[in-house]
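What you see is a predicted model; the values in this text were computed from it and never measured. When a ligand or atom number is given, it counts from 1 through the structure's own listing order.
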Amino acid sequence: MTLRAAILISGGGSNMLKLLESMDADHPASPCLVLTNRADAGGLAKAAALGVPTAVVDHRPYGSDRVAFEAALITKLETAGADIICLAGFMRVLTPHFIDRFEGRMLNIHPSLLPKYKGLHTHARALEAGDAEAGCTVHGVTAKLDDGPILAQARVPVLEGDTPGSLAARVLAAEHRIYPDALRAFAGNFQTSRQSLS
Ligand code: GRF
């Protein structure tokens with residue numbers, strides 16, 4: 001049975017688009033929902049243009065009540081029947097309340113060579129440290145921020161004269177290469193383990 005994948009975004013959604021484009025007829029997963037916390041997320045229109053259902057849960061009315069915000073996200077995801085959740089530039093920290101619900105079924109792409117540079121401003125931090133290379137990581141999501149099992153990594157060189165912006169663009173191109181492959185492999189394994197249980 002084809003798995004149902006939901007993608008969570010907060011911005012332009014270039015990784016989301018690569019994931020959606022990769023989910024062809026042979027893929028073990030198909031997209032069931034693109035969900036965002038920002039009504040102005042550029043990725044929303046791109047998903048809708050591909051005929052993928054979209055939904056917005058604005059975090060702001062919930063203030064500091066993260067659990068209520070996440071309960072609203074969970075309702076959307078469960079209504080869509082999501083088996084797998086892909087975080088793709090989703091800029092809200094998720095609490096264990098949410099993560100426990102989907103642990104083992106949730107992936108994230110992070111723009112650094114984890115375990116280096118968890119959190120924000122990864123490219124500026126790599127430049128500041130004088131690193132010769134940077135990169136990105138797809139990992140399983142656990143309750144610890146930007147932690148969890150590493151599923152794929154790609155390395156890119158840091159070039160002379162790089163700015164955080166130029167390095168980010170080089171890393172983003174690598175993200176677009178590894179996230180679709182990592183999702184395909186993850187969904188394939190997930191499907192196999194589900195079949196052996198049934
Ligand atoms: C990517 O660099 C991702 O690694 C980071 O946020 C960025 C999202 O870009 N978490 P996009 O929305 O996929 O274009």
Those residues at least two apart in sequence (or on a different chain) that pass salt bridge (Lys or Arg N to Asp or Glu O under 4.0 Å) with D181 are none
E133: which residues meet the salt bridge (Lys or Arg N to Asp or Glu O under 4.0 Å) condition with it, sequence neighbours left out?
R155
Contact residues of ligand 1 with a heavy-atom cut-off of under 4.0 Å?
G12, G13, S14, N15, G89, I109, P111, L172, E175
Got more than 12 heavy atoms from elsewhere within 6.0 Å of CZ, R125?
yes
Could I get the full list of salt bridge (Lys or Arg N to Asp or Glu O under 4.0 Å) partners for D100, not counting sequence neighbours?
none
State whether the number of non-hydrogen atoms from other residues, nucleotides or ligands found under 6.0 Å of R38 atom CZ is greater than 12.
no
With a 4.5 Å heavy-atom cut-off, do V57 and L35 have their side chains touching?
yes
